[in-house]
Undergrad: 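If you scroll down you'll find the structure; I have some questions about it.
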Amino acid sequence: MAERLPNETEQAPHGRVFLILQRVCLGAAGVGGAVIFAASITVAASVIMRNLGLGGIRGDFELVELACAACASLFLPLCQFNKGHVMVDLFTLWLSPLTQRRMDGVWTLLFAFGWAFLAWRLSVGLGEMHEYGDRTMLLRAPVWWVYLPALFGTALSAVVAFLQSLPMLSHAFRAMEVR
Amino acid sequence: MEPLTIAIIMVIVLLILIFARMPIALAMGMVGAVGYMVLASPYALMAYFNTAWVDKFMSYELAIVPLFILMGHLATRSGISASIFAASNAWIGHLRGGLAMASVAGCAMFGSISGSSLATASTMARVALPEMRKNGYSGALASGSLAAGGTLGILIPPSVVLIIYALLTEQNIVKLFLAATIPGILAVIGFFIAIAIYVRLFPNEGPTHAPADMKTRFKALRDIWHVVAIFVVVLGGIYGGFFTPAEGASVGVVLMLVAGLFTGGLTPKTILDCLIDTAGSTAMIFAIVYGADIFNVALALSRMPSDVAAFFSAADVAPIVVLLGIIAFYLVMGCLMDSLSMILLTVPVFFPTIMALDFGLMPEQQAMWFGIISLVVVEMGLITPPVGMNLFVISSMAKDIPTSQIFRGTTPFIIAEFFRIAILVSFPVLSYWLVDIVAN
Amino acid sequence: AEVTLRVHHFLPGVAPMQTRFFDVWAQEISEASGGAIEMQMFPSMQLGGKPPQLADQARQGICDIAWTLPVYTPDRFPVAETMAMPFMVTNAEKTSVAMHTLMEEFGQNEYKGMKPLAFHTHDGGKIHTRGQIVSSAEDIKGLKLRAPNQATGEMLALMGAETVFFPVTEMVVGLSNGVIDGCCLPYEVVPAFKLQELTKVTNEPEAGGRGIYANTFALVMNERKYEGLSDDLRAVIDAHSGADLSRRLGAQFDEFEAFGKSVVEKQGNEIHTIAASEIDTWREMAAPIYDTWIGKLNDAGHDGAAIVARANALLDAG
Ligand code: NA
Ligand code: NA
């Protein structure tokens, strides 16, 4: 069911684009992981302080919510890069590997358009939130901050998906194989 | 075109796209977006996407998903999971299907500190899947028992689904948690029986080995003292009034980190690996959550779920027929929809319907009984193909196990769940007896 | 039906707000329009998004009518939020009428792109505890209390409480296992969370004086949808909105409050009255909060002092 290429062997050697994208995706995921990790440490500290009678950390719940939104966005590109979005392969196993690969290429290209559309709308949303000046209730953190990682994550996913889809769609693009 | 027709077309197109290898998140998102555009307007769709991503994920309930997944990765990388399996293997590994049972028991243990099925499935899969495979278990049995075991995350309290049900129906959350305990234990027993029968039918899929001697067994137990300590602190903290279950997720992550550093299993390099591993599984789940969101909103706009619910309410038949009809509806929808959205869309209509019927129970008992039944059938949706979140979680972690194997491995557990639903429907007392004893 | 209006809100479909207000109101409008206007109800945020987005959803046409809380988007609707400061509320009906007047006088530009149908509040919050009786500010010192909104949280913190801002789901578990000692909420929500079973004592301010806090609500409609209605149908909406609807919603919340109180009484919980004179001393302690608020209104281009003074005058006039 996982997205898996039966003919992974026809992969070309890793090019420069591949290496750069991989670094950026890994970096984003690492930052996202660090954010959610930091949030959990903050909550644990808040729990300990509250039980010691020192008072909890104000806005710890909000911090976790902000961290969740940030990490959801920052995790995306790596998942796209690793072809981690699940699908059901059960009903297409009878097709030839090449046909399957072409189908996956079409869906990956659609995925690229989907992420690009989302990135475009999020940029509008970012503008709106910036204009309204909405802030979270306790931490008074501007809500538009959270839109920055969202915009970054969806836009990068669009780029990754687009570059991945081309060699899957046609041999002409084989040279630029991204994983 | 009638909204109901649009809803039916959406469901059919979604199925076709899923069967045609389209990634689930993309299929649900695209069909949902087109449906939304037709049912509302292109302008509304644009406006919806301006904020929907951030709205959805700035959420405390969803934040526990990466936290529990991170906890699982820390446990794996620090070698703690290996010691859990050494212990369960030493004690019950020699039984037929013993390791699969140990995995289910582990899921139940984890489920009693976590309120989410996805987190339980992914954590325990991370821990148990490699061990079962190493011990010669078939991909079908290993993945099936973990997908099913993962549902114990919401079946055994605390449970996100029960919290939502309680809020929708004005029930006491703590009593509902209590009510879910016996049905949760029944699930564990049912899964054990399913495994026992399965390995007798297919002995090659779950090999046994000679029992370990007592010395090995106790040494294995000593090696998991940190797991026991974490478990005691988290459970004791929740039930002793030191923190809430959601805070428990964060506490668990920190304790797991401390234990890993203490045993020397974790280094800065492995911690970084944990963070990156967490990214992969979380993004896959969150992308589907997001796609399901727009799909569910479009279905809500078509009013299909509430129309179907209203149809059952208006039908002039025996109470038990209405209940069975609702269960059947949940089971069918569970193949396609996300569990939480299903509860949100249908309970407001089904609940008053059920409460108006006479099953010979007190209102509070009836409410708890229906809550438990809804929870169980909705939770089954997590392991029924084609859209079953637990199946996806397992599949993304076991890339060498073909889909057909995972479906095959889950079947005995689905059968066990059918038996459990029959038992819970036939004996409502199982769903409120503990509450009557403890609370009243 | 000629026109279908989608109504979106965050409460569950079984809540009295849905069954006793929205369903009845929709029926009245349907009848008054001879069946030309049909209202489709979407409770529990079924159309997606979170409660803070409801106003935007109405403005953008994601729904046609939304029931929303200005406090969820701090500083976006400062005039509408004014009545949500601590120690403003008298009872729901009077405060709702006062809020409607205040919005007509000062808040005309706040709901751009939306047609406000009504403004209202719930009745004042009470302090529900696991056993602690609150007679004076001294009793609040060291209590772990869940605050309902930011300003009330600040006020409780000023009085020495250890405030936490749990989401309601966490609050319910926290009350049952003792992570927190109590919460500050009106009686109206007691049945929804079964608070009567989680707490033993309810401390309520003496009737007739000011209450501890109340959240404010706005019922708003998409402006284009409203302008696009035929004259007849717009007249139907007009006849079922405005000051009368604000008063009606307030009165309805006073009824919900009375029902919630009866549930607490039936449970046999202790109901303890906090003297009005005591509340007056608390209100003096809250002076810095009012000053901050006036500054905030000034920053938004209003005459903050005038708005707060007018709000108090309207409330005192009853
Ligand atoms: Na659980
Ligand atoms: Na399913």
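To find a chain, count down the sequence lines: A is the first, B the second, and so on, and within it residues start at 1. This is a predicted model, so every value here is computed, not measured.
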Undergrad: Under 4.5 Å heavy-atom distance to chain A, tell me which part of M397(B) shows up: side chain, backbone, both or neither.
TA: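 Contact with chain A is absent: no heavy atom of M397(B) under 4.5 Å.
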Undergrad: Could you have a look at D55(B), I271(B), T282(B) and say which one has the most heavy-atom pairs with chain A under 4.5 angstrom?
TA: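 It is T282(B).
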Undergrad: Which answer fits E128(A), side chain, backbone, both or neither, if we ask what part of it has an atom under 4.5 Å from a heavy atom of chain B?
TA: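 For E128(A), side-chain heavy atoms alone lie under 4.5 Å from chain B.
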Undergrad: Output the distance between atom OH (Y290(B)) and atom OG1 (T154(A)), rounded to the nearest 0.5 Å.
TA: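 Answer for the OH-OG1 pair, Y290(B) versus T154(A), is 9.0 Å.
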Undergrad: Find the distance between CE (M284(B)) and NE2 (H85(A)) and round it off to the nearest 0.5 Å.
TA: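 If we round to the nearest 0.5 Å, M284(B):CE and H85(A):NE2 are 9.5 Å apart.
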Undergrad: Between L255(B) and chain A, which part of the residue has a heavy atom less than 4.5 Å away: side chain, backbone, both or neither?
TA: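 For L255(B), no heavy atom lies under 4.5 Å from chain A.
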Undergrad: Which distance, rounded to the nearest 0.5 Å, do you find between the OG1 of T108(A) and the CG of L26(B)?
TA: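 Spacing of OG1 (T108(A)) from CG (L26(B)) equals 9.0 Å.
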Undergrad: Taking every heavy-atom pair that is under 4.5 Å apart, which of A70(A), A29(A), A72(A), G114(A) has the most such pairs with chain B?
TA: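 Heavy-atom pairs under 4.5 Å are most numerous for A72(A).
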Undergrad: Within the supplied structure, the quantity of interest is the number of heavy atoms (other residues, nucleotides, ligands) at a distance under 6.0 Å from F113(A) CZ; does it exceed 12?
TA: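 Count not over threshold, so no.
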Undergrad: For a 4.5 angstrom cut-off between non-hydrogen side-chain atoms, does T51(B) reach Y147(A)?
TA: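 Answer yes - side chains close enough.
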Undergrad: I'd like to verify something: which residue of L17(B), L257(B), L272(B) has the highest number of heavy-atom pairs under 4.5 Å with chain A?
TA: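 Sorted descending by pairs with chain A, the first entry is L257(B).
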Undergrad: Any chance you could lay out the side-chain contact (heavy atoms from CB on, under 4.5 Å) test for F57(B) and S73(A), step after step, and finish with the verdict?
TA: CA-CA 9 Å; F57(B) 294 114; S73(A) 314; over 6 Å; no
Undergrad: State, with a plain yes or no, whether a side-chain heavy atom of L275(B) is found less than 4.5 Å away from one of F75(A).
TA: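 Not touching, per the 4.5 Å side-chain cut-off.
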Undergrad: I need the M129(A) CE to N50(B) CG distance, nearest 0.5 Å.
TA: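 If we round to the nearest 0.5 Å, M129(A):CE and N50(B):CG are 8.5 Å apart.
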Undergrad: Calculate, to the nearest 0.5 Å, the distance between atoms CG and CG belonging to L78(A) and D277(B) respectively.
TA: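 Going from the CG atom of L78(A) to the CG atom of D277(B) covers 9.0 Å.
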Undergrad: Which region of S59(B), side chain (C-beta onward) or backbone (N, CA, C, O), has a non-hydrogen atom less than 4.5 Å from a non-hydrogen atom of chain A, or is it both or neither?
TA: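 The backbone, not the side chain.
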Undergrad: List the atom of A63(B), the atom of I36(A), and the distance in Å for their closest heavy-atom pair.
TA: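 Result for this residue pair: O-CD1, 4.4 Å.
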Undergrad: Can you measure from CZ (F37(A)) to OG1 (T278(B)) and round to the nearest 0.5 angstrom?
TA: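 Between atom CZ of F37(A) and atom OG1 of T278(B) there are 9.0 Å.
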Undergrad: Does any backbone or side-chain atom of I18(B) lie under 4.5 Å from a heavy atom of chain A? Answer side chain, backbone, both or neither.
TA: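 Both parts, backbone and side chain.
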Undergrad: How far apart are the C-alpha atoms of F49(B) and F117(A), what are their side-chain angles, what is the distance that settles it, and do they pass the ring pair (Phe, Tyr, Trp, His ring centres under 6.0 Å) test?
TA: CA-CA 9 Å; F49(B) 277 117; F117(A) 174 77; 5.5 Å; yes
Undergrad: Count the heavy-atom pairs under 4.5 Å between each of A67(A), P149(A), S40(A), P77(A) and chain B, then report the option with the highest count.
TA: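 Of the options given, most contacts go to S40(A).
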Undergrad: Sort out for me which residue in V47(A), I48(A), V43(A) forms a side chain to side chain contact (heavy atoms under 4.5 Å, CB included) with F243(B).
TA: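 Looking at V47(A), I48(A), V43(A), the match for F243(B) under the side chain to side chain contact (heavy atoms under 4.5 Å, CB included) is V47(A).
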Undergrad: Report which part of I394(B) has an atom under 4.5 Å of a heavy atom belonging to chain A: side chain, backbone, both, or neither.
TA: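 Contact with chain A: none, neither part.
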Undergrad: Quick check for you: among T136(A), L118(A), L66(A), V124(A), which has the greatest number of heavy-atom pairs under 4.5 Å with chain B?
TA: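 Answer, by heavy-atom pair count under 4.5 Å with chain B: L118(A).
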Undergrad: Are more than 12 heavy atoms from other residues, nucleotides or ligands located less than 6.0 Å from atom OH of Y60(B)?
TA: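 Yes, because the 6.0 Å sphere around OH of Y60(B) holds more than 12 heavy atoms from other groups.
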Undergrad: For atom CZ of F262(B), is the number of surrounding heavy atoms from other residues, nucleotides or ligands below 6.0 Å larger than 12?
TA: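 Counting neighbours around CZ of F262(B), 12 or fewer heavy atoms of other residues, nucleotides or ligands fall under 6.0 Å, so no.
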Undergrad: Working note: W120(A) + M46(B), criterion side-chain contact (heavy atoms from CB on, under 4.5 Å); need CA distance, chi angles, decisive distance, verdict.
TA: CA-CA 10 Å; W120(A) 169 46; M46(B) 297 281 195; 3.8 Å; yes
Undergrad: Mind listing the closest non-hydrogen atom pair of C79(A) and G280(B) along with its distance?
TA: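 Shortest heavy-atom separation between C79(A) and G280(B) comes out as SG-O, 4.0 Å.
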Undergrad: Ignoring hydrogens, what is the shortest heavy-atom contact between E247(B) and F61(A)? Give both atom names and the distance.
TA: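 The answer is OE2-CE1, 3.8 Å.
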Undergrad: Testing the basics here: between M103(A) and A20(B), what is the closest heavy-atom pair and its distance to 0.1 Å?
TA: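 So the two residues come closest at CE-O, 3.3 Å.
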Undergrad: Would you please test R21(B) and L95(A) for side-chain contact (heavy atoms from CB on, under 4.5 Å) and show each step?
TA: CA-CA 11 Å; R21(B) 304 173 66 84; L95(A) 293 168; 5.5 Å; no
Undergrad: Show the nearest heavy-atom pair for residues V254(B) and A44(A), with the distance to one decimal.
TA: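 Heavy-atom minimum between the residues: CG2-CB, 3.6 Å.
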Undergrad: Taking all atoms of both residues into account, what is the closest heavy-atom pair of R50(A) and F242(B), and its distance?
TA: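 Answer, listing the atom of R50(A) first, then F242(B): NH2-O, 3.0 Å.
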